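On a predicted model such as this, the values are computed, not experimentally measured, just so you know. Values reported hereafter were calculated over all heavy atoms of this structure, with side chains retained and with hydrogens, waters and symmetry mates removed.
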Amino acid sequence: MARKTATMDTGPGAPAGAVPGLDRLPAGPAVFAGRRAELAALRAAATRPAAGRCPVLVLAGRPGSGRTALAVRFARTAAVDHPDGVLFARLSAPDGGRVPPARAARLLLEQLDPDAAVPLPGAVEDGRDEPACVALREALAGRRVLLLLDDVRDAGQVWPLLADEPGCLVLATTAGPLTGIEDIDPVILGGLDRQASGELLADLVGGTRISCDPVGAADLAEACAARPAALRLMAGWLRGNPKTAVTDAARELARVVSEEAARPAARKKAAKEKKAEKGAKGAKSAKGDGKAALPEPPAEPAGDPAAWVKPAPEPAEPVPVPDNDPLIGAFILMYGTLPTVQARMLRSLTLAPAQTADPRTASALAGCPAPEAAATLAALAERELLGEEPPAADGTPRYRVPARLYPRLVRQREQEDRPAETELARARLLERLVRLTESARALLDPAAGPERAPLSAALRLRSAAHAREWLLGERDLLLGAVADAIGQGDLDGSAGRLVTALLRALPLTGGAAPADLYRLHELVLTVAERHGKPRRASAALLNLGDLQAAAGRWEQAGAHYRAALEHARTADDEPLCARALEGAAGCHRALGDAVRAADWYGRALGLRQSMGDRAAEARLLARVAEAHTAQRRFEEAEREYRAALAVLRRLGDERGLEAVGDRLADLRERLDAGW
């Protein structure tokens with residue numbers, strides 16, 4: 001059956017490759033219908049000036065209304081007016097999790113300039129002052145960029161990203177209103193009109209089948225509330241049931257929706273009866289004990305809808321898809337027609353990081369060969385059950401579980417899969433990611449030795465360039481997989497191996513952002529503290545302190561070094577203690593506190609001397625001398641410099657002797673000049 005690629009004229013768009021970032025946008029549906037009025041409203045709103053900042057457009061609609069597809073369609077047409085690029089970020093996970101603005105800012109910064117240094121995360125009271133948000137706003141100054149922020153939960157995710165740059169444009173999609181940002185007139189998405197619904201069904205099912213039954217097509221559109229997602233699923237169901245009349249499809253959907261609507265009422269009735277039975281037993285027990293039963297506390301009043309209209313609103317709850325929604329009914333019908341392999345794959349994808357997978361990771365989750373996984377993913381996407389993501393750097397197709405279907409798929413997985421099967425799938429995924437990361441490291445650094453066990457041909461990374469592209473392209477998903485596993489806490493062994501592999505491999509790419517390494521060391525710290533391993537916790541804190549120090553954030557670095565010292569003392573590890581002491585001393589020195597710097601350097605010096613570490617002793621003697629000089633304690637400084645020279649002579653360190661000798665000569669010269 002021939003299928004059209006579009007049913008709506010979108011106007012002039014940017015040529016392929018003319019505007020950077022268009023390839024980051026979701027592919028969107030191949031068939032698109034209607035929404036002419038909404039698209040015109042967005043175009044008109046984009047031309048209105050905003051006072052002192054970039055304009056903000058809001059596209060609001062219920063899950064399944066097609067808001068993301070319309071936003072992508074608009075972005076492709078508006079890209080010509082924003083030649084500096086198109087940036088894209090999702091601000092909600094499919095499970096409803098809220099993406100903090102700082103994380104979104106780091107992602108957008110990397111898209112804007114892959115070589116730019118992304119700031120480390122910082123603990124600040126005002127989200128607008130978070131280093132990554134500040135850096136993004138500064139980077140957008142003087143540019144004409146279009147930012148597409150998909151599935152925004154609340155205004156608190158958006159306003160820290162708004163630059164004082166009228167040449168930029170922000171388009172946010174959301175399921176509800178965004179209060180807290182001025183001058184917003186949202187474009188509200190309802191259902192498609194009758195003509196657009198018919199066009200969409202005709203394109204997806206076949207024009208003859210729909211044109212022969214216009215009444216049935218209208219009934220089906222009405223049963224779907226004319227929302228694109230439900231219409232697409234029902235069109236897929238009709239394609240799989242070629243002998244079913246369109247009218248019968250509408251009737252079948254209405255039946256399923258009615259049954260789903262009755263389930264919550266039945267569950268509520270059963271829960272009420274159970275509660276009443278429990279209350280009767282409690283009253284009987286209280287009577288038997290001679291005690292009066294305590295009255296139940298009054299129910300809390302429902303929240304005032306106006307109460308959350310604040311300048312800085314609290315994070316909003318995700319908008320759920322109710323069980324009696326036509327979208328759920330259409331999903332149930334489609335899911336019931338899936339072959340067992342496809343249904344199992346679809347359920348398992350809810351375990352993927354960010355619910356996004358390619359054949360490499362999907363095959364691990366489902367426990368099948370990669371070619372079979374690729375065919376299954378493509379079939380699910382054809383049935384409108386998966387969304388197509390931009391392909392990986394090597395052209396590997398990628399797919400994502402739609403947020404509108406995620407909660408229902410999780411319920412199906414919990415009902416149909418045993419907990420042991422779920423845990424095994426998660427373990428297979430982590431081990432697959434470990435092996436892929438180790439394979440990438442082996443290609444990037446052959447001198448470090450070959451990988452443990454070569455991957456199969458379908459999974460193998462072909463070259464060092466391919467390995468680098470894979471690591472950098474999948475970096476966020478890899479970090480997300482580690483964070484998910486450590487958050488659940490039942491696969492710390494596999495998660496720890498993946499962290500170690502990433503810490504070894506990412507720096508070899510030359511594009512490892514300190515922010516990524518910081519996240520990994522934070523995860524190491526979480527696991528170490530969870531399992532009571534103070535030595536490993538101290539090492540993680542030292543690495544965190546080093547990253548903060550390299551960024552010039554001395555107070556934060558000092559806090560990490562002091563925490564590392566406490567863990568090192570618990571582990572009775574003198575080298576770690578000495579390193580923590582020296583790191584904290586360096587922070588005091590950088591902050592201009594010479595007194596504390598001298599004290600902490602002196603404590604580190606005593607520990608290194610007791611360990612017999614002569615090289616470190618010479619280095620610390622020179623540091624103590626510098627701290628004394630800053631305090632104008634010149635005699636003590638000269639004494640420490642001479643002690644350092646004596647140690648260096650015993651070591652035969654000519655370069656060290658020259659460096660310390662120059663410092664001592666400079667000190668004496670200044671003293672002779674009356675300094």
Approximate separation, where rounding is to 0.5 Å, of [X] [atom1] and [Y] [atom2]:
X	Y	atom1	atom2	answer
Asp476	Asp516	CG	CG	7.0 Å
Leu148	Leu146	CG	CG	6.5 Å
Asp23	Phe88	CG	CZ	12.5 Å
Arg98	Gln157	CZ	CD	4.5 Å
Glu574	Asp613	CD	CG	11.5 Å
Arg103	Leu107	CZ	CG	10.0 Å

Is a donor on one side and an acceptor on the other found under 3.5 Å between the side chain of [X] and the backbone of [Y]?
X	Y	answer
Thr361	Ala357	no
Asp84	Arg144	yes
Arg398	Glu389	no
Gln488	Ala485	no
Arg589	Ala597	no
Thr526	Glu522	yes
Arg579	Ala604	no

(message) If I compare all heavy atoms of Ala354 with all of Arg400, which pair ends up nearest, and what's the gap?
(response)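 So the two residues come closest at O-NE, 3.7 Å.
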(message) Is a donor from one side chain sitting under 3.5 angstrom from an acceptor on the other, for Gln556 and Gln548?
(response)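 Not at all, the side chains of Gln556 and Gln548 share no donor-acceptor pair under 3.5 Å.
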(request) Consider only side-chain N and O atoms of Ser494 and Arg497, and report whether a donor and an acceptor are under 3.5 Å apart. (result)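 There is such a pair between these side chains.
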(message) I'd like to know if Arg462 pairs up with Glu469 as an ion pair, taking the criterion as any Lys NZ or Arg NE/NH1/NH2 lying under 4.0 Å from an Asp or Glu carboxylate oxygen.
(response)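 Here Arg462 does not pair with Glu469 in a salt bridge, since their nearest N and O are not under 4.0 Å apart.
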(request) May I ask you to say whether Arg623 pairs ionically with Glu626, meaning some side-chain N is under 4.0 Å from a carboxylate O? (result)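 Looking at Glu626 together with Arg623, the answer is yes, because their closest N to O distance falls below 4.0 Å.
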(message) Among Leu149, Leu25, Val145, exactly one meets side chain to side chain contact (heavy atoms under 4.5 Å, CB included) together with Leu87. Which residue is that?
(response)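 By the side chain to side chain contact (heavy atoms under 4.5 Å, CB included) criterion, Leu87 pairs with just one of Leu149, Leu25, Val145: Val145.
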(request) Evaluate the side-chain proximity of Pro353 to Leu478: yes if any heavy-atom separation is below 4.5 Å, no if none is. (result)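 When only atoms from C-beta onward are counted, Pro353 and Leu478 do not touch, as no gap falls below 4.5 Å.
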Above 12 or not: heavy atoms from other molecules or residues under 6.0 Å from [atom1] of [X]?
X	atom1	result
Arg24	CZ	yes
Arg504	CZ	no
Arg530	CZ	yes

